[in-house]
Engineer: 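Submitted below is the structure of interest, expressed as structure tokens.
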Amino acid sequence: MKVQGWLFILCGVFFAAVDVVYWYWSKEPVGTTAMAISVGFALMIGYYLMYTARRIGDQPEDDKQGEISDGAGELGFFSPHSWWPLFVCLAVALAAVGLVIGWWLFLIGVFAIIMSMIGFVFEYYRGNFSH
């Protein structure tokens, strides 16, 4: 994780240098703000990865002499058949359309987002697939 952290921090430093040059030449506030947000995001992710790497210790990808097989093993559980991401996306799309059409549709979309997120999170707590 240290390698990824340093990569994001260096990207943030590069974005900051480009942002300063862009601001100096263009004096355009929107592009400068967007670049500044990119700097903040890159540094935030880099800091998080470095903080997490310090907490959990060295990982196989941090070893310069490491092999690919050092990182083998179980990575976690990934749902192979879940329909809930589709419903979450549809609910977010409904809320986004609600921003354009009216607040009443936006509120329906927010309610749909909450309900679909509850379904997504608690998918394996009830029914045939509960553990």
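Side chains are part of it too, since the values below use all heavy atoms of this structure and drop only hydrogens, waters and symmetry mates. Quick caveat: nothing in here was measured; it's all calculated off a predicted structure.
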Engineer: Using side-chain contact (heavy atoms from CB on, under 4.5 Å) as the criterion, list what pairs up with Ile68, not counting sequence neighbours.
Structural biologist: none
Engineer: Which residues, ordered by chain and number, are linked to Val20 in its hydrophobic cluster, where ILVMFWY side chains connect at heavy-atom gaps below 4.5 Å, directly or through other members?
Structural biologist: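 When side chains under 4.5 Å apart are linked, Val20 ends up in no cluster with other residues.
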Engineer: Show me the pairs that pass ring pair (Phe, Tyr, Trp, His ring centres under 6.0 Å) and involve residues 86-122, at least two apart or across chains.
Structural biologist: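 Of all non-adjacent pairs touching residues 86-122, those that pass ring pair (Phe, Tyr, Trp, His ring centres under 6.0 Å) are Trp84-Phe87, Phe122-Tyr125.
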Engineer: Who clusters with Val13? Use side-chain heavy atoms, under 4.5 angstrom, across I, L, V, M, F, W and Y, and order the result by chain and number.
Structural biologist: none
Engineer: What are the two closest non-hydrogen atoms of Cys11 and Ala42, and how far apart are they?
Structural biologist: C-CB, 4.4 Å
Engineer: Going hydrophobic residue to hydrophobic residue with side-chain gaps under 4.5 angstrom, can you get from Trp83 over to Val92?
Structural biologist: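 Trp83 clusters together with Val92.
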Engineer: Going by ring-ring contact (aromatic ring centres under 6.0 Å, His included), name the residues that satisfy it together with Phe15, two or more places apart in sequence or in a different chain.
Structural biologist: none
Engineer: Kindly work out whether a path of hydrophobic side-chain contacts (I/L/V/M/F/W/Y, heavy atoms less than 4.5 Å apart) joins Leu86 to Val121.
Structural biologist: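 Per the 4.5 Å side-chain linkage, Leu86 and Val121 are not co-clustered.
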Engineer: Rounded to the nearest 0.5 Å, what separates atom SG in Cys89 from atom CD1 in Ile113?
Structural biologist: 10.0 Å
Engineer: Check side-chain contact (heavy atoms from CB on, under 4.5 Å) between Asp63 and all other residues, then give those that pass, not counting sequence neighbours.
Structural biologist: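 Scan of Asp63 (side-chain contact (heavy atoms from CB on, under 4.5 Å), adjacent residues dropped) gives Gln65.
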Engineer: Who passes side-chain contact (heavy atoms from CB on, under 4.5 Å) against Val3, sequence neighbours left out?
Structural biologist: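 Partners of Val3 under the side-chain contact (heavy atoms from CB on, under 4.5 Å) test: Asp62.
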Engineer: Which atom names give the shortest non-hydrogen contact between Val39 and Ala16, and what distance separates them?
Structural biologist: CG2-N, 3.3 Å
Engineer: Give the minimum heavy-atom separation between Leu105 and Val97, together with the two atoms involved.
Structural biologist: CD2-CG1, 4.0 Å
Engineer: Does anything in residues 15-41 form a side-chain hydrogen bond (donor to acceptor under 3.5 Å, both in side chains)? List the pairs, not counting sequence neighbours.
Structural biologist: Tyr22-Glu28
Engineer: Hydrophobic clusters here meaning ILVMFWY residues chained together by side-chain heavy-atom distances under 4.5 Å, can you tell me if Leu99 and Ile114 are in one?
Structural biologist: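 In one cluster: yes.
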Engineer: Name all residues meeting the side-chain contact (heavy atoms from CB on, under 4.5 Å) criterion together with Val18; count only those two or more places apart in sequence or in a different chain, and write none if there are none.
Structural biologist: Phe14, Met35
Engineer: Indicate every side-chain donor-acceptor pair of residues 44-59 with a distance under 3.5 Å to a residue at least two apart or in another chain.
Structural biologist:
{"from": "Thr52", "atom 1": "OG1", "to": "Tyr48", "atom 2": "O", "distance (Å)": "2.8"}
{"from": "Asp58", "atom 1": "OD1", "to": "Lys2", "atom 2": "NZ", "distance (Å)": "3.1"}

Engineer: If you look only at pairs with a residue in residues 64-86, which of them pass as a salt bridge (Lys or Arg N to Asp or Glu O under 4.0 Å), with sequence neighbours excluded?
Structural biologist: none
